[in-house]
Protein chains: 2
Amino acid sequence: MAKQVLDSLDRHILKLISQDARIPFLEVARACNVSGAAIHQRVAKLTNLGIIKGSQFVIDPEKIGYETCAYMGLFLKEPEKFDQVVEELKKIPEVVECHYTTGGFDMFIKIYAVNNHHLLEIIHDKLQPLGLSRSETIISFNAAIDRQLSLKDIQQVSDEEDETTEE
Amino acid sequence: MAKQVLDSLDRHILKLISQDARIPFLEVARACNVSGAAIHQRVAKLTNLGIIKGSQFVIDPEKIGYETCAYMGLFLKEPEKFDQVVEELKKIPEVVECHYTTGGFDMFIKIYAVNNHHLLEIIHDKLQPLGLSRSETIISFNAAIDRQLSLKDIQQVSDEEDETTEE
DNA sequence: AGTGAAACTCCCGGATT
DNA sequence: AATCCGGGAGTTTCACT
């Protein structure tokens, strides 16, 4: 079980590419004082380890007509069917998050909808049929912050340049 | 104001690049039956319109040692200082979302922390000093879904051109 | 693991329709 | 707006360290 797989080069690379997926690897290489091939190898390694889950252009939901963002706590009639419900939720494109949480809810989800009316439609037509007994909805008027976990302060774990001895 | 800024080519492009930011634009071009330069122009347009907010490699927080994810509803002693508090929250790298919502909370945030102990530390050392009167915390044991809003699938970018007459 | 060079592919500007 | 084009730049593989 690898615990500390990231060395400072990994972190530097992640920092750069997590902010701009289109940055040329050669530019990353120059910033890190290594060769382009090294970056290529590291990114491949990080991807294989699952640390990098992929890359994406980030789209502003509001700008493409999704003006309502909501969080919902759901209560299931049959809580033991959690996994099945998750599978159904995956098929609903408007559902972007689903968590198993503390706090009493059976599940906690995040949804984007065109407007409040559309949100109601989703709840009524797509969520209710999954077997909800009750739900609580929190609507976001405004996302003042919405970003990825930043790697700024992540080097705390090990200052020493460590060999990553796994396997 | 522009209502329908996106034509089917835009949607097709967004669909592809929102799933893989590293895909060569030429490959997108081939998939859309247009030239590479056309993709280049469209992406520039979508970026200028703010529809594309940027690009990023997606990092799995858990894999880099952030094993606790939590949502918190915050109540401020001085709710009118919302904007100031937001500015302070932006400085805390572990805070990845902040919303102004219905539901009684003054604000609703999402946080990543290394573990529960680290979360408590953040709450006590960084959040409390912002002037919290009370808070409610929901901890996620498991993110069963975590993705971007996906665009509806596009029908063939065909001969039919729908005019996007704006400006 | 990282390097450097080679072969391949892509990016992106300008001119054109 | 989209197309073609071309020089400059980036990507990726591989033998070597």
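Below, chains carry the letters A, B, ... as their sequence lines are ordered, and counting in each starts from 1.
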Visitor: Whole Å only: how far is the CD1 atom of A/Ile23 from the C1' atom of C/dC11?
Guide: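 After rounding, the reported distance stands at 16 Å.
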Visitor: Check the side chains of B/Tyr66 and B/His118 for a donor-acceptor pair under 3.5 angstrom, ignoring hydrogens and angles.
Guide: no
Visitor: I want to confirm an ordering. Mapping A/Arg42 and B/Ala37 to their closest nucleotides on DNA chain C, which one lands closer to the 5' end?
Guide: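 Nearest-nucleotide comparison on DNA chain C picks A/Arg42.
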Visitor: Taking only side-chain nitrogens and oxygens of A/Arg22, does any of them come within less than 4.0 Å of OP1 or OP2 of D/dG10?
Guide: no
Visitor: So if I take every side-chain heavy atom of B/Ala38 and compare against D/dT3, C/dA1, C/dC12, which nucleotide ends up nearest?
Guide: D/dT3
Visitor: Name the nucleic acid region contacted by B/Leu26, choosing base, sugar-phosphate or nothing; use a 4.0 angstrom heavy-atom cut-off, strictly under.
Guide: sugar-phosphate
Visitor: Report the distance from atom CD1 of B/Ile17 to atom P of C/dC10, rounded to the nearest whole Å.
Guide: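 Going from B/Ile17 (CD1) to C/dC10 (P), I get 17 Å.
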Visitor: Ignoring backbone atoms, test whether B/Arg30 places a side-chain nitrogen or oxygen under 4.0 Å from the OP1 or OP2 oxygen of C/dT9.
Guide: no
Visitor: Please state how far atom CG in B/Asp7 lies from atom C1' in D/dA2, giving the value in whole angstrom units.
Guide: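 So the two atoms are 12 Å apart, to the nearest Å.
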Visitor: Hey, can you tell me if B/Phe57 and A/Phe25 have their rings parallel, tilted or perpendicular (30° and 60° cut-offs)?
Guide: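 Aromatic pair B/Phe57/A/Phe25 classed tilted.
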Visitor: Could you give the CZ-to-P distance, from B/Phe25 to D/dA9, as a whole number of Å?
Guide: 19 Å
Visitor: CD1 of A/Ile39 versus C1' of D/dT13: gap in Å, rounded?
Guide: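 Interatomic distance, CD1 of A/Ile39 to C1' of D/dT13: 16 Å.
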Visitor: Using only side-chain N and O atoms of A/His40, determine if any of them is under 4.0 Å from OP1 or OP2 of D/dT11.
Guide: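 No, outside the criterion.
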Visitor: Quick one: B/Asn33 CG to D/dC4 P, roughly how many Å, whole number?
Guide: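 Distance, rounded to whole Å: 12 Å.
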Visitor: Look at the aromatic rings of B/Phe141 and A/Tyr100 and report parallel, tilted or perpendicular, splitting at 30° and 60°.
Guide: tilted
Visitor: Taking NZ, NE, NH1 and NH2 as the nitrogens, is one of them in A/Asp10 or A/Lys15 under 4.0 Å from a carboxylate oxygen of the other?
Guide: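 A salt bridge is absent here (no side-chain N lies under 4.0 Å from a carboxylate O).
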Visitor: Could you give the CD-to-P distance, from A/Glu27 to C/dC11, as a whole number of Å?
Guide: 15 Å
Visitor: Answer yes if the side chains of B/Asn116 and B/Thr68 hold a donor-acceptor pair under 3.5 Å, and no otherwise.
Guide: yes
Visitor: For a quick check of understanding: with a heavy-atom distance under 4.0 Å over all strands, which category does A/Gln41 fall into, base, sugar-phosphate or nothing?
Guide: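 Counting heavy atoms under 4.0 Å across all strands, the contact made by A/Gln41 includes a base.
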